[in-house]
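Throughout, protein chains are lettered first and strands after them, A, B, ... in sequence-line order, and every chain is numbered starting at 1. Scope of the values below: all heavy atoms of this structure, side chains included, with no hydrogens, waters or symmetry mates.
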Amino acid sequence: MQSSEELKWALLIASLAMLAMAFCMIAFVMYYQKRRFEEEKKISDIEKNYNRLLLDTALNSEETERRRIAQDLHDDIGTMLSLTKLSLNQLSKLVANSGDEKEESIMKKSQSLVEETILHVRRITRDLVPTTLERFGLMEAIEEFIHKLEEDNNLIIAFQSNTEEFPRQGQKLELTLYRIMQELVNNAIKHASCTKIDIVLEIDEEMIGLRVTDNGVGFDPEKIKESNLAGLGLLGIESRLAIVNGTVQYEQPAKGGSSAIARIPVNPASGNKPEPLHPFRRERVNI
Amino acid sequence: MFDSHFAYIVNNPISSIAVFVTVLPLTLTIVRKAFFDQSLRLLFCYLVAKLIIDLAMLHFASHRTNNILFYNLSIPLFYALLGGMFYFKFSERSRRRFLIASIIGLFFFCAWDVVNSNEDLHNMREHRVVLYSKTVEGVLMILLILLYFYEIIKSLQIPNLLTFPFFWVCSGLLLYYSSLIFIAPVIHYAYTWNNTMDLGITEVIPSIFEIICALLFSVGIYHYSPKDYAKQ
């Protein structure tokens, strides 16, 4: 009888111990899984931030390099061309006095070539560094960009904004939007065979939206993503947007063509009015 | 007509609840369409088989007829259905092979155990519970559950275990088999026709955890969503 009682207790204790172990095992799995997920999330966040920093540095370097090249073009080649033009002007007077028509025509041709080269150098420097953007803001820069494009191409480019006075944003944000607009418009011209491009810039209290729509051949956004984006420079757009917490969405409008919408959280320029940047000042740019 | 059944239920409320509580996860499986998932489909089959066997056992018990044969036969069947669930969850082929081998092995082991535990197989009145099979089944099930837990910790594919149906199923099974593993061999000596051994509260522990197990199954099935079944 006593052994039966002892067996009962032994069984009860053994079962309870086993159950306690089972409970502990379940609790351990839940706790350990949660902890590992938190650790993974931390690592992933660190990696994300690191990649963002790398990207930011790369873009900063690119802008600095653009500025340096623009500066060199202006300071060295630009100056030399101006001096060449002056010398040619002086020479032209001498040639005019000699009365040789052939020499005079060669001289005029040389002068016009030098003037054309000066104009090209000026255009390249402006393309490299968007001074209008830094001085007057996004709307003016886009308008200037459109104006230049319409001169060079047989294109209709429409630009509209939901505000007359687009508030100035942080330098990095404005430059990002400008470069994205440039990339999207260039893509439309290069790949879409379009005749019309619409650029819409919208701002509300929280977000800035940039929409570029063309009436070209269009593309399937999903296929483009699958085929690695790089060909259309869309990867560059996504990289730039990642730095400013922006997003991009590609659509195929029903009437044809393609549309890209970039959205970036508003980041107004700080209270101190930013000093207008001169494209040819030798300094490191921190965008 | 059901007087004897009612009398049995009143006299054995906990083990009777353990029988009828199976209806809850079963109903939830149908309502939530959980049988779209292969593992939960096997769980559904297990619940159906368990309900039928338990009702048959309850019927025979209420008529004071030996029902141990059902208990013995249910061991390889339940292990095949419950263990089979892990076949679709294990990613490693070696584990799947081990699982299939264990199902086949337990079937033969159980057959041997039935013969070994009963001197006269034709004497149904004196038929006795197998001595080792239930314990072996428990050990194998706990091993499968622990292997699966190891796999989910290692793979980190499930972001929230509390909303993952199979985790609840595994937890229920782990608790049930843990409660049974030491008691199972003793049942061989206790559940005899001329029983003189009283296990007291220990006897109802597996039934209590059978109820808890069914409730945990229900929680898991409740969290099941047909649109997410491919991810699970």
**Q.** Heavy-atom donor-acceptor pair, A:R36 side chain to B:L156 backbone, under 3.5 Å
**A.** no
**Q.** Enclosure of A:R263 CZ (heavy-atom neighbours >12, cutoff 6.0 Å)
**A.** no
Q.
Is B:F209 in contact with chain A via its backbone, its side chain, both, or neither, using a 4.5 Å heavy-atom distance?
A. side chain
**Q.** Gap between atom OG of B:S178 and atom CD1 of A:I26 - 0.5 Å precision
**A.** 7.5 Å
Q.
With rounding to the nearest 0.5 angstrom, report the CE to CG distance, A:M21 to B:L175.
A. 12.5 Å
Q: Using a cut-off of under 4.5 Å on heavy-atom pairs, state which of B:V186, B:L180, B:I145 scores highest against chain A.
A: B:V186
Q.
For the OH atom of B:Y176 and the CG atom of A:L19, what is their distance to the nearest 0.5 Å?
A. 12.0 Å
Q: Check whether any side-chain heavy atom of B:T202 lies under 4.5 Å from a side-chain heavy atom of A:L7, and answer yes or no.
A: no
Q | Rounded distance [0.5 Å steps], CZ in A:F37 versus CG in B:L161 | A | 8.0 Å
Q: Specify which of A:E40, A:K34, A:Q33 makes the most heavy-atom pairs with chain B at under 4.5 Å.
A: A:Q33
Q. More than 12 non-hydrogen atoms from neighbouring residues, nucleotides or ligands closer than 6.0 Å to CD on B:E119, yes or no?
A. no
Q: Return yes when atom OH of B:Y222 has more than 12 non-hydrogen atoms of other residues, nucleotides or ligands closer than 6.0 Å, and no otherwise.
A: no
Q: Hey, could you give me the CZ/CE distance between B:F164 and A:M30, rounded to the nearest 0.5 Å?
A: 13.5 Å
(Q) Quick check on the interface: out of B:I158, B:L146, B:I152, who has the most heavy-atom pairs with chain A under 4.5 Å? (A) B:I158
Q | Gap separating the CD1 atom of B:I201 from the CH2 atom of A:W9, nearest 0.5 angstrom | A | 8.5 Å
Q.
More than 12 heavy atoms of other residues, nucleotides or ligands under 6.0 Å from OH of B:Y132: yes or no?
A. no
Q. Is there a side-chain contact between B:I205 and A:L12 (heavy atoms, below 4.5 Å)?
A. yes
Q.
Do A:V29 and B:F167 have side chains that approach each other closer than 4.5 Å (heavy atoms only, starting at C-beta)?
A. yes
**Q.** B:P159 versus chain A, the contacting section by heavy-atom distance below 4.5 Å
**A.** both
